[in-house]
Amino acid sequence: MSSPDVCIAGAGIIGLSLALELQSRGARVVVLEQGLPLAEASTAAAGMLAARDPENPPELQSLSELSRALYPRFLDHLFRLSGTTVSFQTSTTLQEVHASHLEADRGLTLLSNETLSILQPQLNTRDRRFILLNEESLDPRELAQALWAAIQATEIEVRSHTPAHFVQTGSSKIEVHTTSEILHPRYVVDCTGAWGLTQLPPGHVLPLPRKGQMLAIQLPPSVPLHLVLRTPDIYIVPRTTGPAAGRAVIGATVEDVGFDKTVHPEDIARLRSAATELLPGIADAVAVETWAGLRPGTSDGLPLLGQVTEQHFISAGHYRNGILLAPATALVMAQILAGERPAVDLGAFTPLRSLHSGIAQP
Ligand code: GLY
């Protein structure tokens, strides 16, 4: 391909869903990936479309709701290109709330113990208060397979094992350098998440790795689980259909330890113990897998979405919500690249905000 219209750095879910959106609008897109596509946070995630998690910063609400609303269309687009169906695994979440959540949102309806015992038999409700959220979950590994097959059915070019860097030439021109060539796209978009290619001036918010360790267990037949259980500290996410059906994912630690993905048995044991306190029937469940991923976190808990210089854009820092936010992020980034008004106000996500801009801490 001669120089493309848009060069995206990073073939995670954020980069590839943007590539699809741009391609469907007629752009020639090349995606450069330093490793393998969808091999990092995109497939480490639990897959909750947690648009209503009271732990989310309020500034995320409208982007989250838009993205959740776009999900059926996004999955249908993947199906039409790939022939692969991705089904929602669950459609509701039992969320434990604390007093601070109830103060922040007086509209929350607490569930009675009687209702809880019907919704989730064996749930330990002692000293806990729960609300019911309409939120779906999916298996990010299934999503990644469908997304990758969809990309391959298009003319989008994805180059794996191709680290890139952006070189500003003059006041507004940008080049993309790889070890073997120099590209001159009309626009570049940094979707490298925690790996962040974009050099922002000191004092600006940056995406940095925030490690999450997790495990998967085989649910015992005596513990039916058809919804997500989530507290401010942990979650239990069942897989109800597809190759992982019968398992549940338990997560996750939140650690600032750089690019280290080591799994520590004592951390996994702590997650297991917290999950067992919530759902005692899983005490003897067999652990089938453990892993760690690197979320792209920012100091204010909000992504960086927008323009850095005339040709240079960034879409990164989706922290715990990359799977949820991918469809809406692809849409709004495609809109701003096209010079259109984005579907939601992106003011809180401006990449040029400073660390002390007063945006709420996560
Ligand atoms: N998306 C769930 C987590 O960050 O642990």
Side-chain angles (χ1 to χ4, degrees), residues 12-14 17 38-57 60-61 63-65 67-68 71 86 88-90 92-96 133 135-144 147 193-195 207-217 225 227-239 244 247-264 267-268 270-275 278 289-303 316-329 361-362:
I13 186 168
I14 296 297
S17 47
L38 299 161
E40 295 287 351
S42 309
T43 37
M48 295 173 283
L49 306 187
R52 297 177 179 172
D53 187 338
E55 297 284 305
N56 286 346
L60 269 187
Q61 194 63 34
L63 191 68
S64 301
E65 290 292 357
S67 216
R68 194 177 151 244
Y71 241 97
V86 178
F88 290 132
Q89 301 277 330
T90 60
T92 47
T93 293
L94 273 182
Q95 169 81 45
E96 186 192 351
L133 301 175
E135 285 179 356
E136 298 77 14
S137 73
L138 48 74
D139 183 340
R141 295 176 185 179
E142 282 190 355
L143 180 64
L147 177 54
W195 284 265
L208 294 169
R210 302 199 85 187
K211 175 179 173 181
Q213 298 183 58
M214 327 183 37
L215 74 151
I217 57 168
L225 185 62
L227 43 66
V228 169
L229 299 177
R230 192 166 64 223
T231 76
D233 302 315
I234 59 142
Y235 47 77
I236 310 175
V237 183
R239 301 287 185 236
R247 293 182 175 190
V249 170
I250 298 173
T253 63
V254 178
E255 303 164 68
D256 294 317
V257 291
F259 289 91
D260 172 15
K261 290 200 289 182
T262 314
V263 174
H264 297 285
D267 294 328
I268 297 296
R270 267 194 291 275
L271 287 171
R272 271 206 77 139
S273 148
L278 188 62
E289 195 181 343
T290 59
W291 68 98
L294 300 173
R295 313 170 181 96
T298 58
S299 52
D300 58 15
L302 301 175
H318 292 74
Y319 190 35
R320 305 193 78 152
N321 289 301
I323 304 290
L324 164 68
L325 295 173
T329 299
Q361 294 297 304

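As the structure lists them, so they are numbered: ligands from 1, and atoms in each ligand from 1. On a predicted model such as this, the values are computed, not experimentally measured, just so you know.
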Check: Is any side-chain N of the basic residue among R320 and E55 closer than 4.0 Å to the acidic one's carboxylate O?
Finding: no
Are the charged groups of R230 and E135 less than 4.0 angstrom apart, N to O? yes
From the list L229, V228, L49, side chain to side chain contact (heavy atoms under 4.5 Å, CB included) partner of T93 resolves to V228
side-chain contact (heavy atoms from CB on, under 4.5 Å) filter on T43, not counting sequence neighbours, yields R141, A144
Shortest non-hydrogen pair, A194 vs P296, comes out as N-CB, 3.4 Å
Residues T290 and I268: closest non-hydrogen pair is CG2-CG2, 3.9 Å
Considering only N or O atoms, set out every pair between ligand 1 and the protein closer than 3.5 Å, with distances to one decimal place.
residue  : atom  : partner : partner atom : Å
ligand 1 : 1 (N) : R320    : O            : 2.9
ligand 1 : 4 (O) : R295    : NE           : 2.6
ligand 1 : 4 (O) : R295    : NH2          : 3.4
ligand 1 : 4 (O) : R320    : NE           : 3.0
ligand 1 : 5 (O) : Y235    : OH           : 2.6
ligand 1 : 5 (O) : R295    : NH2          : 2.9
ligand 1 : 5 (O) : R320    : NH2          : 2.9

